[in-house]
Visitor: 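Here it is, the structure, as structure tokens.
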Amino acid sequence: MNNTELIISKQYGTGQLSDWALEIRRQVFINEQNVPLDLEIDDLDDKTTHYVGFRGDQPITTARVLVNEEENSWHIQRVATLANERGHGYAHKIMQTIIEDAEIAGVKHLELGAQLTAQAFYEKLGFRTFGTTFMDAGIEHINMIHEI
């Protein structure tokens with residue numbers, strides 16, 4: 001971890017925090033991974049909780065959570081860290097915050113669709129795979145679950 005502590009903020013729906021999250025997502029998914037804009041920008045930003053991690057006053061990592069009340073579960077999406085900020089444990093810290101928030105909220109389990117290149121990262125956080133691989137935005141993914 002760098003000398004500057006990562007500060008994580010969260011916000012439901014759209015606003016300044018979701019704007020910062022979207023900028024990180026643009027850089028990572030659209031610019032780096034060539035995800036089409038119309039696939040990255042969807043109608044869920046106003047229905048999700050956005051987590052953004054700041055180093056100093058700079059937003060550098062993000063994730064969003066969609067609540068599934070019927071199943072008492074959370075679906076984690078759009079986990080991203082700026083390229084020049086990777087390797088310092090920032091995404092791990094934002095995921096730990098989401099897991100802790102889920103425990104406090106009494107959530108049964110967390111789910112996500114992981115890019116295959118990130119599968120080991122999520123396994124270290126206690127997620128396990130289920131189902132078969134699938135393509136999303138031209139990138140191979142696997143579904144993962146974390147029982148709370």
Visitor: Which pair of non-hydrogen atoms, one from G13 and one from S18, has the smallest distance, and what is that distance?
Guide: O-CB, 3.6 Å

Visitor: Determine which pairs satisfy side chain to side chain donor-acceptor pair (under 3.5 Å) with at least one residue from residues 101-112, sequence neighbours left out, and list them in order.
Guide: K10-D101, Y51-D101, H109-E111

Visitor: Quick one, F29 and L39 - any side-chain contact, counting heavy atoms below 4.5 Å?
Guide: no

Visitor: Pair E123, R128 - check salt bridge (charged side-chain N to carboxylate O under 4.0 Å, His left out), show working.
Guide: CA-CA 6 Å; E123 287 173 341; R128 62 176 174 76; over 6 Å; no

Visitor: Walk me through it: do K47 and D42 pass the test salt bridge (charged side-chain N to carboxylate O under 4.0 Å, His left out)?
Guide: CA-CA 10 Å; K47 300 173 184 78; D42 59 21; over 6 Å; no

Visitor: What's the shortest heavy-atom distance between A63 and I94, and which atoms?
Guide: N-CD1, 4.1 Å

Visitor: Check the pair E85, T61 against side chain to side chain contact (heavy atoms under 4.5 Å, CB included), reporting the backbone distance first and the verdict last.
Guide: CA-CA 8 Å; E85 299 291 349; T61 188; over 6 Å; no

Visitor: If you define the side chain from C-beta out and look only at heavy atoms, does anything of I41 sit under 4.5 Å from D38?
Guide: no

Visitor: Answer yes if I8 and L22 sit in the same cluster of Ile, Leu, Val, Met, Phe, Trp and Tyr residues linked by side chain heavy atoms under 4.5 Å apart, and no otherwise.
Guide: no

Visitor: If we only count heavy atoms from C-beta on, is the L44 to Q77 side-chain gap below 4.5 Å?
Guide: yes

Visitor: Could you walk me through whether Y12 and L17 pass the side chain to side chain contact (heavy atoms under 4.5 Å, CB included) test, one step at a time?
Guide: CA-CA 9 Å; Y12 180 81; L17 207 65; over 6 Å; no

Visitor: Between the side chains of Q33 and Q115, is a donor N or O closer than 3.5 angstrom to an acceptor N or O?
Guide: yes

Visitor: Could you name each residue pair satisfying salt bridge (charged side-chain N to carboxylate O under 4.0 Å, His left out) that touches residues 12-29, not counting sequence neighbours?
Guide: R25-E40, R25-D45

Visitor: If I take atom OG1 from residue T49 and atom CG from residue L66, how far apart are they, to the nearest 0.5 angstrom?
Guide: 9.0 Å

Visitor: Same hydrophobic cluster for L116 and F121, using side-chain heavy-atom links shorter than 4.5 Å among ILVMFWY?
Guide: yes

Visitor: Could you pull out every donor-acceptor pair under 3.5 Å between side chains of residues 135-148 and any protein atom, sequence neighbours left out?
Guide:
| residue | atom | partner | partner atom | Å |
| --- | --- | --- | --- | --- |
| E140 | OE2 | T133 | OG1 | 3.1 |
| H141 | ND1 | I139 | O | 2.7 |
| H146 | NE2 | L125 | O | 3.2 |

Visitor: Between V28 and R86, does the side chain to side chain contact (heavy atoms under 4.5 Å, CB included) criterion hold? Intermediate values first, please.
Guide: CA-CA 11 Å; V28 172; R86 294 183 192 139; 3.6 Å; yes

Visitor: Hey, could you give me the CG/NE2 distance between D46 and H50, rounded to the nearest 0.5 Å?
Guide: 8.0 Å

Visitor: What do the steps show when you test L82 against Y90 for side chain to side chain contact (heavy atoms under 4.5 Å, CB included), and what is the final call?
Guide: CA-CA 10 Å; L82 296 177; Y90 297 138; over 6 Å; no

Visitor: Would you mind reporting whether T62 and R78 have side-chain heavy atoms less than 4.5 Å apart?
Guide: no

Visitor: Are any of the side-chain heavy atoms of P59 and I24 separated by less than 4.5 Å?
Guide: yes

Visitor: Going by heavy atoms in the side chains, are I98 and V65 under 4.5 Å from each other?
Guide: yes

Visitor: Grab the two heavy atoms, one from G113 and one from H75, that are nearest each other, plus how far apart they are.
Guide: N-CE1, 4.2 Å

Visitor: Which atoms form the tightest heavy-atom contact between A105 and W74, and what is the distance?
Guide: CB-CZ2, 3.9 Å

Visitor: Are any non-hydrogen side-chain atoms of M95 and K124 less than 4.5 angstrom apart?
Guide: no

Visitor: First locate atom CG of L37, then atom CD1 of I30, and finally report the distance between them rounded to the nearest 0.5 Å.
Guide: 4.5 Å

Visitor: Do the non-hydrogen side-chain atoms of F54 and W20 ever get within less than 4.5 Å of each other?
Guide: yes

